[in-house]
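Only one structure is covered here, and it is reproduced in the block below.
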Amino acid sequence: MTKVYGTGVFDFKRHRVAEYPVEVLPAQRISEKPPESQTSSNLANSITLVEIQRDRLTKIAAANWSKGGVGENPKKPFSGELVKEIYETELLVKGGRKTVPLQRVMILEVSQYLENYLWPNFDQEKATFEHVMSMILMINEKFRENVAAWICFYERKDMFKAFLERVLRLKEGRSLSIAEKTNYLLFMINAFQSLEDEIVSENILRLASLQCWHSLSYGRFQMELCLNRDLIKKWKRITKKHKEATKRGELFDPSTLLEVTFVRNLIQEFLEVLDSNVFCHKQCDNENELDINGFEEVDDACVLYCERFMEFLIDLLSQLPTRR
C-alpha cells in the first residue's frame with residue numbers, strides 16, 4: 001500500500017525558526033553555590049521555579065517592573081543604565097554558536113521584561129541601542145516559546161511604527177557582533193512570518209516593495225521590466241512621485257530610501273560574512289600559492305548567521321505578499 005505522508009503526529013510539527021542551538025556539554029559536577037551566585041554558563045539547560053525565585057534578575061525585576069499584589073512597594077523610575085547593564089552582563093554573547101544565554105532570556109520573559117519595562121518606556125529619540133536590541137531578543141524569545149509576541153504593542157500602535165523604524169536603522173553607524181547580526185536577522189524572519197498581523201504588515205511589507213529595484217543595475221532592471229511588462233505601469237507611478245518631488249524643489253534621491261537599501265544591505269552583509277568570516281585561510285609561505293587544505297575550523301556562529309539569512313530569503317520568495 002502506498003504510504004500517505006502527513007498523517008502522523010510529527011509530520012504536523014511546525015519548525016520554529018527561533019530555536020537556539022544547544023551546546024552539548026560534558027557531565028559536570030553539581031555546584032554547591034546557590035543559584036543566584038551562579039553564572040549563566042554554570043546553569044543546566046532546564047531551570048526550576050526555585051532557581052527563578054532566587055535569581056538575581058528576579059530580584060531586579062521585583063524592584064523595578066514586576067507587578068505584584070496589593071500593597072507592593074513602589075517601583076523605581078525607569079533607568080536606561082539598568083537596561084544597558086542587563087544587556088551587557090546577561091544578554092550579550094561573545095563567541096560560540098549560541099546567540100543568546102537562553103536561561104537568562106527565559107527569566108526575563110517570565111518577569112515580563114518587555115511588557116512592563118522595555119516597551120512602556122520606549123522613546124524613539126531617547127532609546128539606546130541596548131534598549132532596542134533587548135526588545136528584539138525578548139520578541140524572539142516569545143516566538144521561541146510559541147506565545148503571542150505582538151499583543152503588547154497594540155496599546156501604542158503609533159509608537160510601534162517608530163520602534164520598527166529604529167530597528168531598521170539600528171545598524172547605521174554601528175558595527176554589530178555576529179551574534180547580534182543573527183538575532184537581528186531572526187527578528188526580521190519572525191516579522192515577515194507575522195504578515196497576518198496588521199500592525200506588522202503595514203510597517204514591514206514596504207521593505208519588499210517594487211522600490212527595491214532601484215538597487216538593480218541598469219541592464220538587469222531593463223531585463224526584468226521586459227520579462228514583467230505588467231510592472232511597467234507601477235514603475236511609472238513610482239517615478240512620477242519622484243519627479244513631482246523634484247519639481248517642488250525637494251532634494252530626493254530614491255537610492256537612499258530605506259525601502260531601497262534595506263534588503264540590499266542585508267545581502268551585502270551576508271556576502272561579507274560568507275567571504276571573509278566563515279572560512280579562514282592559513283598563511284602560505286608563497287603568496288602566489290593557495291593551499292586547498294589550509295582551512296582553519298569553520299566559525300559556527302557565522303555558519304548559523306548564513307543559515308538564518310537563507311531562511312530569510314526563502315520566506316521572502318515563498319510568501320505571496322512578498323514574492324510578487
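Here, residue 1 is the first one in the sequence, and each next residue gets the next number.
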* Asked: Who are the ring-ring contact (aromatic ring centres under 6.0 Å, His included) partners of Y154, not counting sequence neighbours?
  -> none
* Asked: With no hydrogens and no angle check, is any side-chain donor or acceptor of Q319 less than 3.5 Å from a backbone partner on F192?
  -> yes
* **Counterpart residues, side chain to side chain contact (heavy atoms under 4.5 Å, CB included), relative to E307 (two or more places apart)** => R97, V303, L304
* Asked: Among E141, E88, E90, which residue meets the salt bridge (Lys or Arg N to Asp or Glu O under 4.0 Å) test with R104?
  -> E90
* So, the side chain of N183 versus the backbone of T99: is there a donor-acceptor pair under 3.5 Å, distance only? -> yes
* Asked: What distance separates N140 CG from N190 CG, expressed to the nearest 0.5 Å?
  -> 5.0 Å
* What distance separates M133 CE from Y184 OH, expressed to the nearest 0.5 Å? -> 9.0 Å
* Can you check side-chain contact (heavy atoms from CB on, under 4.5 Å) on E109 and M106, steps first, answer last? -> CA-CA 5 Å; E109 170 60 20; M106 290 170 61; 5.6 Å; no
* Do any N or O atoms from the side chain of S134 and from the backbone of E130 form a donor-acceptor pair under 3.5 angstrom? -> yes
* **Rounded distance [0.5 Å steps], CE in M138 versus CZ in F143** => 13.5 Å
* Are N121 and V83 side-chain neighbours, meaning at least one heavy-atom pair lies under 4.5 Å? -> no
Solution key, residues 159-171 side-chain donor-acceptor pairs under 3.5 Å, sequence neighbours excluded:
residue	atom	partner	partner atom	Å
E165	OE1	R206	NH2	2.9
E165	OE2	R169	NE	3.0
E165	OE2	R169	NH2	3.4
R166	NH1	Q124	O	2.9
R166	NH1	A127	O	2.8
R166	NH2	A127	O	3.0
R169	NH1	E172	OE2	3.0
K171	NZ	E269	OE1	2.9
K171	NZ	E269	OE2	3.0

* Report the C-alpha separation of Q53 and L49 in whole Å, then their side-chain angles, then the decisive distance to 0.1 Å, and conclude whether the side-chain contact (heavy atoms from CB on, under 4.5 Å) test is met. => CA-CA 6 Å; Q53 292 174 341; L49 179 60; 3.8 Å; yes
* Asked: Do I199 and I189 share a hydrophobic cluster (ILVMFWY, side-chain heavy atoms under 4.5 Å, transitive)?
  -> yes
* Measuring from F78:CZ to L118:CG, what's the distance to the nearest 0.5 Å? -> 7.0 Å
* Side chain proximity check, M188 to L207, heavy atoms < 4.5 angstrom -> yes
* May I ask you to decide if the ring planes of F309 and F312 are parallel, tilted or perpendicular, using 30° and 60° as cut-offs? => tilted
* Should the heavy atoms of other residues, nucleotides or ligands under 6.0 Å from CD1 of I151 be counted, would the total exceed 12? -> no
* Rounded distance (nearest 0.5 Å) linking atom CD of Q112 with atom CG of L114 -> 9.5 Å
* Asked: Within the side chain of N265, is there an N or O that forms a donor-acceptor pair under 3.5 Å with the backbone of T261?
  -> yes
* Who passes ring-ring contact (aromatic ring centres under 6.0 Å, His included) against F262, sequence neighbours left out? -> none
* Should we count CD of E155 as having more than 12 external heavy atoms under 6.0 Å? -> no
* Structure fact -> Rounded to the nearest 0.5 Å, the CD1 atom of I139 sits from the SG atom of C152 at a distance of 7.0 Å
* Asked: Does anything in residues 184-198 pair up under salt bridge (Lys or Arg N to Asp or Glu O under 4.0 Å), and if so which pairs, sequence neighbours excluded?
  -> K157-E198
* Determine, for K84 against E81, whether the closest basic-nitrogen to carboxylate-oxygen distance falls under 4.0 angstrom. => no
* Please list, chain by chain and in numerical order, all residues satisfying ring-ring contact (aromatic ring centres under 6.0 Å, His included) with Y305, sequence neighbours excluded. => none
* Should the heavy atoms of other residues, nucleotides or ligands under 6.0 Å from CZ of R264 be counted, would the total exceed 12? -> yes
* To do: Go through I86 and Y113 one step at a time and tell me if the side-chain contact (heavy atoms from CB on, under 4.5 Å) criterion holds.
  => CA-CA 11 Å; I86 291 176; Y113 185 42; 3.9 Å; yes
* Name the orientation class of the two ring planes belonging to Y117 and W65 (parallel below 30°, tilted from 30 to 60°, perpendicular beyond 60°). => tilted
